[in-house]
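Working notes for the structure below.
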Amino acid sequence: MRNLIVMSLIAVGGYAMIASCGSSAESKKAVPAIADAEKYYSADTSLIPHDQFGDAVRYGRELMVNTAQYIGPDGSAGKFAGNKLNCTNCHQDAGTKAFSFNLMASHENYPQYRGREGKVLTLAERVNNCLTRPHNGKPLPLDSKEMVAFLAYLKWINSFVPKGTHFKGAKNLAVSFPTTAASPEHGQVLYQANCSRCHGPNGEGQWNADKSTYVYPPLWGNNSYQPGSSMHRVIKQAEWLKNNMPFDKAMPGKPFLSDADALDIAAFVNNDAIHPRPNPKSFDYPHIAEKAIDYDHGPFADTFSIAQHKFGPYTPIIDYWKSKGIKPIY
């Protein structure tokens with residue numbers, strides 16, 4: 001059960017700094033005219049152009065894969081991330097793996113409205129949300145070399161997927177909801193059987209040889225992601241787990257865990273009653289009718305308890321929202 005942190009890296013600031021070099025990138029990509037429903041899309045790194053834009057793309061990919069090395073607490077390019085996680089822990093294969101918080105359409109999809117912030121966000125702001133929440137750090141300057149590199153990389157991988165339509169693996173795999181709440185107790189049993197061999201019996205993760213980052217990231221504790229991060233939501237994490245974990249048993253589109261088991265593991269990992277996390281600066285969602293149903297901090301646009309929002313059962317919440325003409329978000 002490898003690579004579990006949610007860090008959603010998407011950026012827009014600094015576009016002007018790389019736009020003049022975009023012509024060579026445009027000539028070295030293959031964009032399908034329409035989405036192939038059976039195809040998984042990837043980005044061929046051999047096609048990164050050998051020019052200034054290509055240099056920014058390569059650095060952006062390095063930042064995705066080796067975030068801690070460059071902008072972590074001991075980063076060589078600046079100390080922005082507050083922990084030693086890497087973007088690719090959640091956005092696997094540097095954001096190109098199907099059903100793994102895939103980022104290949106992010107450059108096309110932003111700016112977009114985000115209920116968590118209650119405003120339209122640019123790509124750069126979305127990148128910085130990841131640095132301040134899952135990474136428990138501080139924002140990159142919008143005109144920094146690192147922000148421009150993130151943006152360049154996201155623009156480049158966007159060139160390999162169909163435009164204006166969904167493609168296979170762009171979103172996480174959906175989970176069906178059981179009639180009962182997710183069980184942290186059963187999740188603990190499943191965690192020890194499937195996850196502890198990599199992430200440790202106490203969710204501490206496994207360091208690499210020099211402790212500059214993790215081979216397998218911590219899933220709770222002060223070195224893990226904050227409450228309010230996408231991975232801290234039980235449904236959202238379960239969707240990710242369904243496709244990606246255990247890493248040596250699940251295959252793209254071919255889950256190993258059942259939906260109920262994925263929800264139970266997510267409930268155990270995100271059980272704040274037993275697992276400490278860094279304290280967030282805010283819990284966002286200024287408009288409560290836009291709050292995700294598995295977000296466990298009130299107030300809510302319904303009468304359901306914090307525990308039910310956290311662990312379910314979720315179907316009664318969904319039905320209630322729909323009866324009030326409110327679109328349930330999860």
Side-chain angles (χ1 to χ4, degrees), residues 6-8 10 90 98-103 105-106 109-121 126 129-130 133-134 165-184 186-187 225-244 255 257-272 280 282-330:
V6 150
M7 168 183 166
S8 180
I10 309 172
C90 288
F99 308 114
S100 185
F101 290 142
N102 186 282
L103 298 177
S106 60
N109 291 339
Y110 276 79
Q112 70 172 237
Y113 182 82
R114 295 269 302 172
R116 190 166 69 179
E117 295 77 22
K119 66 176 185 178
V120 174
L121 292 188
R126 191 68 181 95
N129 279 359
C130 241
R133 291 189 180 91
T165 185
H166 294 294
F167 54 89
K168 190 176 182 180
K171 303 293 184 182
N172 292 344
L173 284 179
V175 295
S176 57
F177 302 130
T179 57
T180 57
S183 169
H186 184 233
Y225 53 89
Q226 288 184 1
S229 304
S230 294
M231 277 295 189
H232 191 246
R233 290 168 44 196
V234 170
I235 295 174
K236 186 65 72 176
Q237 186 180 118
E239 291 175 346
W240 191 93
L241 290 172
K242 179 178 177 178
N243 184 73
N244 297 294
L257 298 170
S258 70
D259 290 4
D261 285 351
L263 286 162
D264 288 350
I265 293 174
F268 169 68
V269 169
N270 288 319
N271 187 354
D272 298 324
S282 72
F283 290 106
D284 302 317
Y285 287 103
H287 311 300
I288 60 173
E290 297 174 349
K291 190 173 293 188
I293 64 169
D294 55 339
Y295 198 78
D296 62 340
H297 294 276
F300 304 112
D302 54 50
T303 58
F304 297 96
S305 67
I306 290 174
Q308 186 160 351
H309 278 282
K310 178 79 171 184
F311 300 119
Y314 301 111
T315 302
I317 304 176
I318 293 170
D319 291 344
Y320 176 88
W321 280 39
K322 288 181 177 178
S323 73
K324 301 296 183 181
I326 305 173
K327 180 181 179 181
I329 299 166
Y330 52 89

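For this chain, numbers begin at 1 and follow the sequence in order.
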Less than 4.5 Å apart, side chain to side chain, heavy atoms only: is that true for Asn271 and Phe311?
yes
CG/Leu263 to NE2/His186 distance, rounded to the nearest 0.5 angstrom?
12.0 Å
So the side chain to side chain donor-acceptor pair (under 3.5 Å) pairs with at least one residue in residues 168-184 (sequence neighbours excluded) are Ser176-Asp259, Ser183-Glu185
Per side chain to side chain donor-acceptor pair (under 3.5 Å), Asp284 is matched among Arg114, Arg133, Lys291 by Arg133
Please confirm whether the backbone N or O of Ser100 pairs with a side-chain atom of Asn243, one donor and one acceptor, at under 3.5 Å?
no
Close side-chain approach of Asp272 and Asp296, heavy atoms under 4.5 Å
yes
How many angstroms lie between OH in Tyr110 and CG in Leu121, if you round to the nearest 0.5 Å?
6.5 Å
Working to the nearest 0.5 Å, report the span between CG of Asp302 and CG of Asp319.
12.0 Å
State, to 0.1 Å, how close Met231 and Tyr225 come at their nearest heavy-atom pair, and which atoms those are.
O-OH, 3.5 Å
Using 0.5 Å steps for rounding, measure from the OH atom of Tyr295 to the CD1 atom of Ile288.
13.5 Å
State which residues pass ring pair (Phe, Tyr, Trp, His ring centres under 6.0 Å) with Phe300; sequence neighbours excluded, sorted by chain then number.
His309
At their closest point, which heavy atom of Val120 faces which heavy atom of Pro111, and how far apart are they?
CG1-CB, 3.8 Å
Looking at Ile235, is its backbone amide N or carbonyl O close enough to the side chain of Asp294 to form a donor-acceptor pair, meaning the two atoms are under 3.5 Å apart?
yes
Hey, does the side chain of Lys322 reach the backbone of Pro328 with a donor-acceptor pair shorter than 3.5 angstrom?
no
Look only at the side chain of Gln237 and the backbone of His232, and say whether a donor-acceptor pair between them is shorter than 3.5 Å.
no
Separation between CD1 of Ile317 and OG1 of Thr303, rounded to the nearest 0.5 Å
9.5 Å
Are side-chain heavy atoms of Leu257 and Lys242 found at a separation under 4.5 Å?
no
Are the ring centres of Tyr314 and Tyr330 closer than 6.0 Å?
no
Rounded to the nearest 0.5 Å, the CZ atom of Phe177 sits from the OG1 atom of Thr315 at a distance of 6.5 Å
Taking only residues two or more places apart in sequence, or in another chain, which ones meet His297 in a side chain to side chain donor-acceptor pair (under 3.5 Å)?
none
For residues Pro178 and Pro313, report the shortest heavy-atom separation together with the two atoms involved.
O-CB, 4.3 Å
Here the pair of heavy atoms bringing Ala182 nearest to Ala267 is CB-CB, 3.8 Å
Which atom names give the shortest non-hydrogen contact between Phe167 and Ala105, and what distance separates them?
CE2-CB, 3.8 Å
Within the side chain of Arg126, is there an N or O that forms a donor-acceptor pair under 3.5 Å with the backbone of Gln112?
no
Distance-minimising heavy-atom pair for Gly115 and Pro286:
O-CD, 3.8 Å
